[in-house]
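Presented below is the structure to which this report refers.
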Amino acid sequence: MTQQKSVTVLGSTGSVGGNTLDLVGRSPDRYRVAAVTAHRDVEGLAAQIERFRPDFAVIADASLYGALKERVGGGATELAAGPDALVEAGRRRSDWVMAAIVGAAGLAPTMAAVERGAAVALANKECLVCAGDLMMQAARSAGAKILPADSEHNAIFQVLEERNRSGLEKIILTASGGPFRDWTSDRMAAVTPKQAVNHPNWDMGAKISVDSATMMNKGLEIIEAHHLFDLPETLIDVVVHPQSIIHSMVQYADGSVLAQLGSPDMRVPIAHTLGWPDRIHAPANRLDFTDIAALTFEAPDETRFPALRLAREALTAGGNAPSVLNAANEVAVASFLEGRIGFLDIAALVERVLTETPPTEIGTLDDAVASDLEGRARALEALESFSSPRVAAAP
Ligand code: NDP
């Protein structure tokens with residue numbers, strides 16, 4: 001009999017968190033939920049507490065603690081609230097942690113899980129963008145295993161031959177190109193939040209959907225890949241592949257290219273990290289190759305999608321630049337979703353903040369948090385000068 005694995009899901013009420021619990025819930029004999037966390041979704045968290053009976057559950061917005069307590073009643077689950085409780089959820093014992101909080105808010109709890117030496121499935125790319133060197137160093141010191149859950153990085157993780165490192169020529173991240181792949185800039189200027197969150201292939205949270213539409217997501221993924229696989233920016237290519245069937249590839253010295261394929265369903269990479277080093281069943285659609293008419297590829301257009309260029313520049317600059325890029329992007333995306341700025345303003349605002357922020361080094365987690373706060377403050381200030389066409393906020 002296999003031993004039951006205890007799992008923590010940081011960001012359990014989100015898209016990745018929900019997919020993770022979907023897999024966990026299908027094998028109650030194999031998995032037990034140790035901890036779950038949400039930001040403000042009391043109802044979603046309460047339903048998960050009732051179903052999975054975790055030891056510990058956290059609502060990050062402390063003002064909602066009373067509502068959660070009232071809704072859940074006196075069960076066996078210990079309830080807590082606020083940022084310290086979020087970190088405690090990462091720190092408490094469990095065999096496997098899914099880091100699926102969106103944005104830099106996931107940094108401290110994910111770091112807590114890494115520092116206790118857990119196996120950490122990493123979906124939250126923003127924490128590597130903000131503090132990648134620190135997190136990878138902490139993982140090495142604590143003996144934590146970081147398992148890439150982002151589909152592209154999971155693909156690389158599956159086909160990267162560690163024993164043949166010297167024969168690796170480059171990695172190739174695939175990008176769907178998002179919903180506006182073939183739109184002109186003029187047309188993109190009038191994009192609404194509703195259009196931007198409607199991804200053609202993947203069903204994801206609002207922030208990453210907008211990031212996919214601007215291609216900032218791919219930019220963040222270049223930085224994420226740099227940290228996860230210890231590769232320079234120059235060895236990380238991006239190719240647009242609209243069908244999202246090939247999730248990424250590694251090219252070797254003998255001309256071989258190894259790719260990982262699958263249907264665009266996050267349960268595939270999540271199952272890979274949950275079962276690792278074994279393989280477990282995932283209820284995703286199987287590929288039918290006779291049904292796939294064509295796999296197509298094109299070069300990314302950094303003129304229409306400047307976010308890609310900005311992310312490469314931030315990675316090359318190093319220091320606080322990636323963290324500032326991420327913070328400004330979080331503010332810009334939230335402002336776009338609220339209808340305060342236009343779609344093209346997202347990258348423009350990020351570029352302005354990056355240009356105006358003096359470089360500093362990131363030596364500690366406090367430095368990373370400080371540069372995140374500085375990036376946000378500068379983005380909020382810069383926002384005032386953007387007088388974009390007013391568009392309807394996301395429903
Ligand atoms: P969602 O927006 O669907 O979910 C985010 C989760 O984080 C929710 O549980 C949310 O709680 C919680 N959360 C949000 N803000 C805070 C905060 N300030 N403090 C604590 N918790 C917070 O996001 P996704 O699941 O789409 O994405 C999660 C991460 O995974 C992102 O970093 C994304 O880039 C990455 N990713 C996502 C993929 C996808 O397919 N969705 C694919 C690959 C990577 P609440 O529900 O209460 O708001």
Side-chain angles (χ1 to χ4, degrees), residues 8-22 35-48 57-65 67-68 80-90 98-110 112 120-130 147-155 173-176 197 199 201-214 216-221 223-225 228 244 247-248 263-270 272-273 284 326-327 329-331 333-334 337 372 376 394:
T8 293
V9 185
L10 304 172
S12 60
T13 47
S15 167
V16 172
N19 276 317
T20 305
L21 287 177
D22 176 74
V36 286
T37 79
H39 185 210
R40 296 199 178 111
D41 184 358
V42 170
E43 193 46 48
L45 189 63
Q48 292 176 348
V58 176
I59 188 91
D61 183 336
S63 70
L64 294 169
Y65 179 69
L68 179 68
D84 290 347
L86 214 53
V87 173
E88 176 64 17
M98 167 52 79
I101 291 174
V102 64
L107 178 56
T110 304
V120 179
L122 196 73
N124 175 213
K125 64 197 83 187
E126 295 92 341
C127 61
L128 275 190
V129 173
C130 293
L147 301 161
D150 211 349
S151 60
E152 295 78 359
H153 305 75
N154 182 262
L173 301 177
T174 54
S176 71
V197 296
H199 195 276
N201 303 337
W202 297 90
D203 183 13
M204 309 182 287
K207 194 257 175 184
I208 185 177
S209 297
V210 176
D211 285 347
S212 295
T214 60
M216 180 60 87
N217 183 49
K218 211 49 54 182
L220 299 178
E221 286 180 7
I223 303 174
E224 183 184 12
L228 283 173
S244 299
H247 297 304
S248 281
S263 59
D265 182 328
M266 276 305 288
R267 290 176 302 183
V268 176
I270 295 169
H272 181 259
T273 64
N326 179 68
N329 182 56
E330 287 194 29
V331 170
V333 170
L337 287 171
D372 176 68
R376 280 168 205 278

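In each ligand, atom 1 is the first atom listed, and ligand 1 is the first ligand listed. The structure displayed is predicted, hence computed values, not measured ones. Atoms considered below: every heavy atom in the structure, side chains included; atoms not considered: hydrogens, waters and symmetry mates.
Protein residues with a heavy atom closer than 4.0 Å to ligand 1 are G11, S12, T13, G14, S15, V16, A38, H39, R40, D41, A60, L86, A100, I101, V102, A105, A123, N124, K125, E126, D150, M204, G205, I208, M266, listed by chain and number.
Closest non-hydrogen pair, V129 versus L220, comes out as CG2-O, 3.7 Å. Of all non-hydrogen atoms in V42 and L68, the two that sit nearest each other are CG1-CA, 3.9 Å. For the residue pair A175 and K218, the shortest heavy atom distance occurs at CB-CE, 3.4 Å. Of all heavy-atom pairs between W202 and S244, the closest is NE1-OG, 3.6 Å.
Looking at E126 and K207, a side-chain N of the basic residue comes within less than 4.0 Å of a carboxylate O on the acidic one, giving a salt bridge.
At least one donor-acceptor pair under 3.5 Å links the side chain of N19 to the backbone N or O of S15.
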